[in-house]
There are 2 protein chains.
Amino acid sequence: MVSNGSECRRLVKIGTLAQLAGVSTDTLRFYEKNGLLAPCSRNAAGYRLYSAREVQRIRFILSAKSVGFTLKEIHELLALEVRREQASCEDVKQLVDEKISVVRQRIAELQRIQGSLQILSDACCGGDEPASHCTILEALNAGPDERLATEE
Amino acid sequence: MVSNGSECRRLVKIGTLAQLAGVSTDTLRFYEKNGLLAPCSRNAAGYRLYSAREVQRIRFILSAKSVGFTLKEIHELLALEVRREQASCEDVKQLVDEKISVVRQRIAELQRIQGSLQILSDACCGGDEPASHCTILEALNAGPDERLATEE
DNA sequence: CTTGACTTTGGAGTAGACTCCAGGGTTTAT
DNA sequence: ATAAACCCTGGAGTCTACTCCAAAGTCAAG
């Protein structure tokens, strides 16, 4: 189970990386084909070998994916690279700042949804309000005002 | 204040709703076919008619979609409905609370990404740090904990 | 040395979420 | 009253992101 070869320098094969990341080997090859995740090297037999860096990379990919970034967008994020001495620095900064505002917007959307779900949850069983009926749309409508001011 | 049964004053046709929401009419019909958004009625010619309620609904759908919910998940969110007097209340509450934790997790992911992008942005041109090179992965690393424990 | 788990490539198939017709009927502005 | 603009249905096509072979090479244990 645990590889003993101390010569291995922590390089892992595709199956191990797949298990670490919780995806299939097919998915890893698919990501490679699409330029998201290349093995750092191959062994004599042509087996893909991955280092800790790639473990980190696949985790980032999955994290970004879980919040709705497309593979193309993730590719862009991963390609972002600041080199202070280069003239392109300003361009990169602008790009990054655009991404930041996208992310902020998404966080705001999620917070709205979370708030509505909280109202929905509070309206249920626990509260003393006369609400006998509530959906997420009505909760969204109720918004920050109008209703419970109960803070945690 | 009190909205009566017939809110039929301002019914719009599919093209108008599409424009309001910034999607195509095809998309609206697609959502209808998948149970996400039905017109509140049809006119004599069979044209779909939508009320303010549906405007709100499509906006919620798009908002949820933009943060990575699938149409199936959105369907579930929209189906969430609390009726205090019903026995199902506890079940619904549990479901809602599960959704809340999913949303919280996504917010946390996005905040991590945002933090990394901010580091990336700060590393660029403005900062006084000796960083001559920075990627989002390195920014992620630098972020909360300096290092991830590689479990093995 | 054999067995079985693992890896390779390439290519086909699938689910989700649209997107784009074709061939018709309806509404509206001039 | 007629053309432009809109709407209808049904079905085919597209794109993304996998997922699943098949045929063959590699490796570790017994």
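In what follows, every heavy atom counts, from backbone to side chain, and hydrogens, waters and symmetry copies are set aside. First the proteins, then the strands, lettered A, B, ... as listed; each starts at 1.
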Whether [X] contacts [N] is assessed here as follows: a side-chain N or O lying under 4.0 Å from the phosphate OP1 or OP2. Is that the case?
X       : N      : value
A/Lys65 : D/dC18 : yes
B/Tyr31 : C/dA17 : no
A/Arg48 : C/dT7  : no
B/Thr25 : D/dC6  : no

To the nearest Å, how far apart are [X] [atom1] and [N] [atom2]?
X       : N      : atom1 : atom2 : value
A/Ile58 : D/dA17 : CD1   : P     : 13 Å
A/Glu32 : C/dG10 : CD    : C1'   : 14 Å
A/Ile61 : D/dT16 : CD1   : P     : 17 Å
A/Lys33 : C/dG10 : NZ    : P     : 9 Å
B/Tyr50 : D/dC8  : OH    : C1'   : 12 Å
B/Leu37 : C/dC18 : CG    : P     : 12 Å
A/Leu11 : C/dT7  : CG    : P     : 14 Å
A/Leu28 : D/dA17 : CG    : P     : 16 Å

Kindly point out which of [options] is positioned nearest to the side chain of [X]?
X       : options               : value
A/Thr27 : D/dC8, D/dT19, C/dT9  : D/dT19
B/Tyr47 : D/dC8, D/dA17, C/dC18 : D/dC8
B/Asp26 : C/dT26, C/dC20, D/dC8 : C/dC20
B/Lys13 : D/dC7, D/dC8, C/dT7   : D/dC7

Inspect the surroundings of CD in B/Gln56 and state if more than 12 heavy atoms from other residues, nucleotides or ligands are less than 6.0 Å away.
-> yes

Looking at A/Tyr50, does the NZ or CZ of A/Arg57 lie under 6.0 angstrom from its six-membered ring centre and within 45 degrees of the ring axis?
-> no

DNA chain D nearest-nucleotide lookup for A/Phe30 and A/Asn43: closer to the 5′ end is A/Phe30

Using the closest heavy atom to pick a nucleotide of DNA chain D for each, name whichever of A/Leu71 or A/Ala45 lands nearer the 5' end.
-> A/Leu71

Are the side chains of A/Arg42 and A/Arg48 in touch, meaning some heavy atoms are under 4.5 Å apart?
-> yes

Taking the side chain as every heavy atom from C-beta outward, state whether B/Leu77 and A/Leu117 have any pair of such atoms under 4.5 Å apart.
-> yes

Could you name each residue pair satisfying side-chain hydrogen bond (donor to acceptor under 3.5 Å, both in side chains) that touches residues 94-105 of chain A, not counting sequence neighbours?
-> A/Glu76-A/Lys99, A/Asp97-B/Ser121

Quick one: label B/Ser24 by what it contacts on the DNA or RNA (base, sugar-phosphate, nothing), any heavy atom closer than 4.0 Å.
-> nothing

What nucleic acid atoms does A/Arg29 come within less than 4.0 Å of, heavy atoms only: base, sugar-phosphate, or nothing?
-> base

